[in-house]
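Written below as structure tokens is the structure these notes are about.
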2 protein chains.
Amino acid sequence: MAATPPYSSDSSASADADAGATTGSGLTPAFSPLYQQIKVLMLQSLQSGEWKPSAAIPSELELAARFKVSQGTVRKAIDELAAENLLVRRQGKGTFVATHAEHHVQYRFLKLFPDNGDPNSEGPAQRKIIDCKRLRASAEVARALALRPADAVLQVRRVLSFAGVPTILEDLWLPGTPFKGLTAERLAGYDGPMYALFETEFGVRMVRAEEKIRAVLPDAEQCKLLHTTQQTPLLSVERTAFTYNDTPMEMRRGLYLTDTHYYRNALN
Amino acid sequence: MAATPPYSSDSSASADADAGATTGSGLTPAFSPLYQQIKVLMLQSLQSGEWKPSAAIPSELELAARFKVSQGTVRKAIDELAAENLLVRRQGKGTFVATHAEHHVQYRFLKLFPDNGDPNSEGPAQRKIIDCKRLRASAEVARALALRPADAVLQVRRVLSFAGVPTILEDLWLPGTPFKGLTAERLAGYDGPMYALFETEFGVRMVRAEEKIRAVLPDAEQCKLLHTTQQTPLLSVERTAFTYNDTPMEMRRGLYLTDTHYYRNALN
DNA sequence: AAGTGGTCTAGACCACAAC
DNA sequence: TTGTGGTCTAGACCACTTG
């Protein structure tokens, strides 16, 4: 890029791939700025495993040289990836691939907090795997995971307790193929967040998620596991988690007891 | 800034105020980059009403001249303000002060959606003011609004219906002083979002909010207003909304019926 | 054609961390 | 001292909107 001016027709941003600033098909000029093309290339490095969770990526100057653009342009690409929580910048040290492990908050996607608002006040959660079995996807699960109906899925049921009090009952479903080999023992033996295990053991990194929340009453079995009554209303939290490329990789349904905890959300 | 180098001790970013790059009190050097100081100055222009909701702010070059910095520096300040939804950029037209009115989504802070996920499918909500009265703040409300207990507050109760079905029952409390003159008639006569009325009539712009969500069972009165039974679990959504400077300006408690709707949340 | 935001560059220098 | 991210600048040019 040092030789060719920006916005020129020669917008080959890298040696191995031409992202193409304009995919002119007549409709929708689809102009894409250079830093967006760089971002796509970096996303590929993340997805392919070239850059692994918690590892440092090349320095900005190195990347600028590799992609033949200025440092400012790769900075803008990194800025966006950092804003999406895919990368973490550390001044003086480098830029690192984000991870669900070694994250100072244990559960990044868990929005349930004790009434006093301080998750540290109750210590780490106790986890108990109730069940983990292989079965065929129901219509609902298949839709959520973009599978064919009756494809193999893994189903896990577990209970989370805080200060010894059962508070969350979770059922979750994972696509069978990427998670082949996952067992109840494997889950029980791991002491970090589940999403951290997915990263290290199966190379699946959850990037974002969506939740649908409702108020419900539990059935008899759910009551027993949560030590509560059928008259106690619970939060039903249905989550779909995605890897790169918006690929759904987990469907989860949680029942939250909210007598001593609440679901916190920030609106901007 | 054109004459003095960056990071110099003469970091007076504007003619009328010296934001001071370092408030050196011995501890915590508190280094603040230039664009952050610019951001603070722009925040003051927003807060003081110099720049009003939906109006255009000066162009980047004008601001650069006013603050005696480069265009890139004011861009970075604007970038952050836009990321916080305080400003909206429109290429070719200018940068505008964000507003709760004329926003293509009617209720920016309302996260309840119909099961099909499309809020347009059910048309606009019907609003009915049940009550609007002046009273003294309870301990809980006083705490949430940072008032003294027994200070005057306004209490409003209303019901929102979708397709004719009562779905949300809301109680909300506003500090008496800033909202002096607000009446049920005033609320009922306005057809835009409540937060838009707050902007135009009282000069109060809600900037962000926090919600605490629980599952609850309604009492008899709540049941009547929502046309439901005491055995139907509801979402209790407790919201505190803030203006500039993190000043709480509204406390609200909503009861959401979630048999045909759900609360949607995006996790990043 | 003029004005506004958006992109890109090259270079200088600061803050922070590690050796 | 070196290397990394972070800030700031000045200038060129592109994309979009409006007259």
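As the structure is a computational prediction, the values presented were derived from the model and not from experiment. Proteins get letters first, then strands, A, B, ... in listed order; numbering begins at 1 in each.
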Atom CD of A:Q71 and atom C1' of C:dG11: how far apart are they, to the nearest Å?
10 Å
From C-beta outward on A:F31, which listed nucleotide comes closest to its side chain: D:dG5, C:dT9, D:dA15?
D:dA15
B:P248 and B:T240 have their tightest heavy-atom pair at CB-CG2, 4.0 Å
5' priority, DNA chain D, between B:G92 and A:T95 [closest heavy atom]:
A:T95
When you check the phosphate oxygens OP1 and OP2 of C:dG5, does a side-chain N or O of B:R75 lie under 4.0 Å from one of them?
no
Is any side-chain N or O of B:K93 closer than 4.0 Å to OP1 or OP2 of D:dC16?
no
Is the phosphate of D:dT9, meaning OP1 or OP2, less than 4.0 Å from a side-chain N or O of B:T73?
yes
Please determine if B:R127 and B:D191 form a salt bridge, counting it only when a charged side-chain N lies under 4.0 Å from a carboxylate O.
no
In whole angstrom, what separates A:K76's NZ from D:dC14's C1'?
13 Å
Looking only at C:dT4, C:dC8, D:dG5, the nucleotide nearest the B:S59 side chain is C:dT4
Scan B:R90 against the nucleic acid and name what it touches under 4.0 Å (heavy atoms): base, sugar-phosphate only, or nothing.
sugar-phosphate
Atom-to-atom span, CD of B:Q36 to P of C:dC14 - whole angstrom:
20 Å
Whole Å only: how far is the CZ atom of B:F96 from the P atom of C:dT4?
11 Å
Check whether the side chains of A:N265 and B:Y263 place a donor and an acceptor atom closer than 3.5 Å, and report yes or no.
yes
Compare side-chain N and O positions of B:R89 against OP1 and OP2 of C:dT4 and report whether any pair is under 4.0 Å apart.
no
At under 4.0 Å, does any side-chain N or O of A:Y35 touch on OP1 or OP2 of C:dC8?
no
Please tell me whether B:Y195 and B:Y107 form a close aromatic pair, meaning their ring centres lie under 6.0 Å apart.
no
